[in-house]
Amino acid sequence: MKKLMNNPADYVDEALDGLCEAFDGYRRTGRAGRVIARGDAPLHGKVGVVTGGGFGHLPVFAGYVGSGMLDACAVGNVFAGPPTDICADAIRAADGKSGVLCVLGNYGGDRMSFAHACDEFADEGGSTATVIVADDVASAPPAESAKRRGVAGMVFAFKVAGASAARGDDLDTVAAFTRRTVERTRTIGVALSPCLIPGADEPGFSVPDGKIEIGMGIHGEPGVEERTLAAADEVTAAMIERLLADGAAKGSRRVAVLVNSLGATPLEELLIVYRHVRRLLREKDIEIARRYVGHYATSMEMAGCSISLLDLDHDIDELLAAPTGCPFWPR
């Protein structure tokens with residue numbers, strides 16, 4: 001694999017510099033410049049919304065900083081969660097004196113670092129709430145859903161939290177809408193080939209030639225089924241079948257659909273997948289009220305995609321439709 005980079009040790013910081021220079025509204029702050037914050041943050045009187053995680057998944061996590069979405073993001077090294085001090089700096093950068101909501105993927109290191117950071121912030125007189133995103137149906141059965149990983153569906157949580165905070169909701173209300181969104185979101189992915197961490201000699205995981213891995217995690221965590229590479233419609237049907245069997249779209253029968261590239265898969269292939277998703281859901285009398293197709297949560301240059309279904313209600317639909325200045329959310 002070939003990469004456009006300089007020194008691997010500078011990979012994250014140079015990319016963060018480029019993010020702030022290429023798009024309006026971002027700034028680097030915090031220790032070592034490892035917090036990405038809104039240019040106008042903190043906003044006094046508004047609930048702050050923060051997240052954090054390992055680098056290598058753009059636009060998750062730092063890309064979703066912007067008006068109407070996140071106020072700040074703590075950035076770790078590639079596939080490594082940020083330390084406590086950086087998480088604390090992100091919380092402070094978002095603190096408008098009305099509380100801060102932490103929206104986190106369900107990864108042990110991220111949860112632990114933010115838990116310590118929230119304790120530190122509380123000692124300073126601040127208040128926080130935390131919502132954990134655990135949308136990956138492949139990583140644990142329904143009875144153990146709290147163990148599931150947080151993957152692409154977390155972007156729905158970021159959007160709902162940011163929109164709720166932007167209109168002036170208090171911390172408990174922002175957290176409640178975000179939690180409801182998480183509970184109604186389910187995701188499954190399929191990997192076709194691995195990625196290479198900058199500076200590594202070889203990928204940290206593998207997908208055998210001629211095979212695909214349904215349910216593989218964004219860091220190469222094992223999936224639920226290895227299959228021979230098949231037609232796109234067949235793979236899509238297998239993914240939708242698992243999402244519906246897990247309880248997706250059992251509520252209002254109106255959903256938001258996210259077809260997401262894991263990094264290397266081009267838009268053309270995502271559109272082929274979405275085409276069949278739409279047909280399959282129509283056969284089940286499930287209405288697609290909102291649709292998102294593109295690069296939303298990646299894993300370096302991993303080939304593959306994920307499908308997320310969010311069971312909509314009036315409030316969540318309204319918050320998804322609210323305006324945002326984030327350059328990575330579709331207008």
Side-chain angles (χ1 to χ4, degrees), residues 30 34-37 41 47-66 69-95 99-122 126-136 139-140 144-165 171-172 174-187 217-219 221 296-299 306 308 310 326:
R34 283 300 185 90
V35 173
I36 295 294
V47 170
V49 183
V50 305
T51 192
F55 200 67
H57 303 299
L58 285 174
V60 169
F61 297 85
Y64 293 112
V65 170
M69 289 193 77
L70 302 173
D71 293 282
C73 174
V75 180
N77 290 326
V78 176
F79 291 6
T84 296
D85 57 353
I86 304 301
C87 297
D89 286 347
I91 292 171
R92 294 186 189 101
D95 177 27
V100 177
L101 176 67
C102 303
V103 186
L104 310 175
N106 194 18
Y107 297 95
D110 298 346
R111 295 185 63 168
M112 182 171 63
S113 291
F114 268 94
H116 292 323
C118 288
D119 289 343
E120 185 178 316
F121 186 62
S127 59
T128 62
T130 299
V131 174
I132 304 299
V133 183
D135 57 313
D136 183 3
S139 51
E144 300 177 52
S145 59
K147 297 180 180 179
R148 289 176 170 176
R149 300 178 290 247
V151 286
M154 71 178 70
V155 303
F156 288 141
F158 295 160
K159 180 63 177 66
V160 166
S164 177
L171 179 59
D172 288 343
V174 176
F177 280 130
T178 308
R179 195 169 292 112
R180 190 196 305 177
T181 301
V182 170
E183 291 168 352
R184 290 166 166 259
T185 302
R186 287 166 176 79
T187 300
I218 58 176
H219 308 105
E221 300 95 335
Y296 286 84
T298 64
S299 186
S306 62
S308 302
L310 166 56
C326 174

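When reading the values below, keep in mind they use all heavy atoms of this one structure, side chains included, and skip hydrogens, waters and symmetry mates.
Side-chain contact between L101 and L171 is present, with at least one heavy-atom pair separated by less than 4.5 Å. Side-chain contact between V100 and V49 is absent, with no heavy-atom pair separated by less than 4.5 Å. Side chains of C118 and I91 form a contact here, defined as non-hydrogen atoms less than 4.5 Å apart. In this structure the side chain of V60 reaches within 4.5 angstrom of the side chain of V155, judged on heavy atoms. By the 4.5 Å heavy-atom criterion applied to side chains, V50 and V103 are not counted as neighbours. Residues F55 and F61 fail the side-chain proximity criterion, which asks for heavy atoms closer than 4.5 Å. Looking at heavy atoms from C-beta onward, D135 lies out of side-chain contact with R148 at the 4.5 angstrom threshold.
In this structure, SG on C87 lies 12.0 Å from CZ on R34, to the nearest 0.5 angstrom. A distance of 10.5 Å separates CZ in R186 from CG in L310, rounded to the nearest 0.5 Å. One distance of note links OG1 of T187 with CE of M154; it measures 9.0 Å at 0.5 Å rounding.
Salt-bridge check for R92 with D95: failed, with every basic side-chain N at 4.0 Å or more from each acidic carboxylate O. A salt bridge between E144 and K147 is present, with a side-chain N of the basic residue lying under 4.0 Å from a carboxylate O of the acidic one.
Using cut-offs of 30° and 60° on the angle between ring planes, the pair H219 and Y107 is perpendicular. Aromatic ring pairs are classed by plane angle as parallel below 30°, tilted from 30° to 60° and perpendicular above 60°; the pair F79 and H57 is parallel.
Judged by distance alone, the side chain of S113 and the main-chain N or O of D110 form no donor-acceptor pair under 3.5 Å. In this structure, T51 contributes its side chain and C73 its backbone to no donor-acceptor pair below 3.5 Å. In this structure, the side chain of S299 engages the main chain of I218 through a donor-acceptor pair within 3.5 Å. Between the side chain of T185 and the backbone N or O of T181, at least one donor-acceptor pair lies under 3.5 Å. Using a distance-only test at 3.5 Å, with no hydrogens or angles considered, a donor-acceptor pair links the side chain of Y64 to the main chain of Y296.
Between the side chains of N106 and R111, at least one donor-acceptor pair of N or O atoms lies under 3.5 Å.
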